[in-house]
Structure formats: C-alpha cells, structure tokens
Amino acid sequence: MTRSELTIDLGAIRRNSKRLLEVLEGAELWAVVKANGYGHGALDVGGAALRAGASVLCVATVAEGLELRKEFPAARILVMGPTSTSREIVSAREAGLELVVSDNEIPEGVRVHLKLDTGMGRWGLSELPRPAVEVVGLMSHLASADCDPEYTETQIRRFREATEPYRHLTRHLANSAGAFGFPGARFDAARCGVAIYGLSPFGTAPADDGLEPALHWSSLLAQVRRLGPGESSGYGRRFVAERPTWIGIVPVGYADGFRRDMTGTEVRVEGEPRRVVGTISMDALAVELDRELPVGTPVTLLGDGVIAEDHARVAGTINYELVCGINSDPARSRRVVVDS
Ligand SMILES: *Cc1c(COP(=O)(O)O)cnc(C)c1O
C-alpha cells in the first residue's frame, strides 16, 4: 500500500465507451482525451476507447495530439483548440492531425473542421463560409446541455440550419451531456469526454446514466491518534475535538489533488464512510474515526462508492476540475493500470 495510489481500470473505460455507443444510436463516438485524459492518462484511455469502438481521439492542443500520434500511428486525432503558430500547423500536417478552425484562414494540406458559434460565445465563426476543400467536418459546442434544455434546443436548431447545405461533411455538436440528453444533437458524431471516464456530465451519480467510474484513488492511515476535548488537528485549528476523538492522518493533501476546499467530504476507511475534518494541508488530511484503527488501514479517496461528484459538490466545483487536478507525478503517487 502506497501513500497515494491511482488505479485506472481500462475495462471501465471500455464499458463506458460501449454505453455511449449504445446511447448514440449509430452516431460515431469521438473520445475526448485532452488534459492527459482528464487526469486519467491519455494514452491508456485513448487506446481503450479506440478498442471499444471510438473513431477519433480529441485533444485541446497540437502538443497533446503529437503525444498521441507516437502511440497511435493510424488513429484519427482531432485538435479542438485554436492552433496559434505556423510552426504548429506544420507539425500538425506532418503528423496527420486534424485541426479545428474558427476563422476564415484555412491551413493547406490539413484536414479541417470548421467551428461555428451557435451560442457558446467562445471560439467559432458566427457564419459558415462555403467550406474549402480541406474542410471535412463542421462542428459547434453546446454551452448548457447539462442544465438548460431550451437553450440547447436553440443551439441544435441553429447548427442544423447552418449546416444543412453541407450534409456530405461530418457534422458534430454533442458533448457527453448532449449525447445523453438530446437525440437531436447527435448528428454524425459526438465528442464525449467526461462520460468515457465514468463521470457524470450532470454532476449526479454516474450509475444513474449507466456509467462506471474508471479511477480509484487510495491511501492509508499513516498515523492514528486520540484527541482530548479542546485539542485540535491541523492548520488554523479548524477542527477542535469536543469529546475524546480518534482521528486518522492520511498522507495525501492538496499537492496531490485532494483540494483544500474538500473539508467535510466523505472518504472510506476500511470501507466505512468517514468525514474529512480540519484544514487539508499540502501533504496530509485528517479523518474522524469512531475507534482506534491500526496504522496502514486502507483509505479510499475515490472509487468503491466514493464519487467525484460528491467531493465536487462539497468543494463547490465540478467533477471535471477535480479529476484534472489529481497529481499523477510518480514522485507523488503510484499509478497502476488494470483491465477488469
Ligand atoms: C472538452 C470538450 C468536449 C467534451 O466535453 P464533455 O463534457 O467532457 O463530454 C467536447 N467538445 C469540445 C469542443 C470540448 O472542448
């Protein structure tokens, strides 16, 4: 047992991909593996998603695309973010990456997807020009498929109308929330990220949508101590025992991605839900126990019923941000890949 152990289950990635393919009813699944696969490992996740039937891997930057290209010589790889320099365009062309273009400057010799702004108000053309020969796809991005059906339907209608004359091109609009919630958003392909990892695009329990979290994060009790009434644990004395209290110190903190604003969330100690108490420090957190437990007792920070959606709610953020912030640097954690 190590202080911070991250286990990625490729079987779960495959099952989530299959689940999405079912939901998509014939549209292609494009797996989004930007930001090192939402902290899960882009190469491992990309491989599992491709084996499960995903047609394209999507990333945010050319550098991310080049990393994937080394591992997957034949895969289609789409860079969704803006490509800023001509040097990047040259390396994208050499590596056979596909690019998203949000203005009228179409690079030559690269497969291009034109991005239309249908209401995200971020990247994208406000009107679609007649597509140049390089253009193979037309896309847009949904702003609120997790929370605003009316606005989403408006975006879908705008996209359908603007792209109708170009039905021979690949049209893609939906993200994970769009894929689940809006059949009309599916078009030819959906770019799904969060759901591939078994995380809910709606912030609810992943199992409600037939998803299975792929990441398991565990640690252990490195010290167990009894606080007397009035004694405290951690910076700022935010936790003061009112009565004799057993606490366990877990050697994982915000430098590992266990955010400082997650005080009060629940982890599992020996499988039992236990509350995180006091200030979370850089390298440690404290849990309140109901009795003395041996040093080395396993603690589950994520997985086996501890879900990122619950931690995120406590922290006032979203599951996406939480998993992207988990530190898989080998100097801080041990990373294990399994296939169940
Ligand atoms: C990140 C991203 C996605 C994936 O969104 P999820 O909510 O994780 O499914 C899709 N499209 C674009 C343009 C993105 O940037």
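Order of appearance sets the numbers: ligands from 1, and atoms from 1 within every ligand. It should be emphasised that the depicted structure is a prediction, and the values quoted were computed from it without experimental measurement.
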Hey, are R335 and D44 close enough for a salt bridge, meaning a charged N less than 4.0 Å from a carboxylate O?
yes
Part of V32 with heavy atoms under 4.0 Å of ligand 1, whether side chain, backbone, both or neither:
side chain
Just to be sure I'm reading this right: ignoring hydrogens, which of K34, H172, R191 gets closest to atom 2 (C) of ligand 1? Compare them by their nearest heavy atoms.
K34
For ligand 1, which atoms, with element, lie under 4.0 Å from some heavy atom of G193?
4 (C), 6 (P), 8 (O), 9 (O)
For atom 7 (O) of ligand 1, what is the closest protein heavy atom, and at what distance to 0.1 Å?
Y320 OH, 2.6 Å
Does this structure show an ion pair linking R313 with D310, if we count only N-O contacts that are shorter than 4.0 Å?
yes
Heavy-atom proximity to atom 12 (C) of ligand 1, picking from H141, M120, K115, points to H141
Can you find an N/O atom of V194 closer than 3.5 Å to an N/O atom of ligand 1?
yes
When you check the gap from the basic side-chain N to the acidic O, do R274 and D290 get nearer than 4.0 Å?
yes
Does this structure show an ion pair linking R259 with E321, if we count only N-O contacts that are shorter than 4.0 Å?
yes
Taking D256 first and then R3, would you say they form a salt bridge - that is, a charged N and a carboxylate O separated by under 4.0 Å?
yes
Before accepting this row, confirm whether a basic side-chain N of the pair R158/E161 lies closer than 4.0 Å to the acidic partner's carboxylate O.
no
Could you find the nearest protein heavy atom to atom 5 (O) of ligand 1 and give me its residue, atom name and distance?
N175 CB, 3.6 Å
Have a look at A145, P201, S176, C192 and point out the one with the heavy atom closest to atom 9 (O) of ligand 1.
S176
Between D188 and T170, is any side-chain donor less than 3.5 angstrom from a side-chain acceptor?
no
Can you name the atoms of ligand 1, numbered from 1 with element, that are less than 4.0 Å from a heavy atom of Y38?
1 (C), 4 (C), 5 (O), 6 (P), 8 (O)
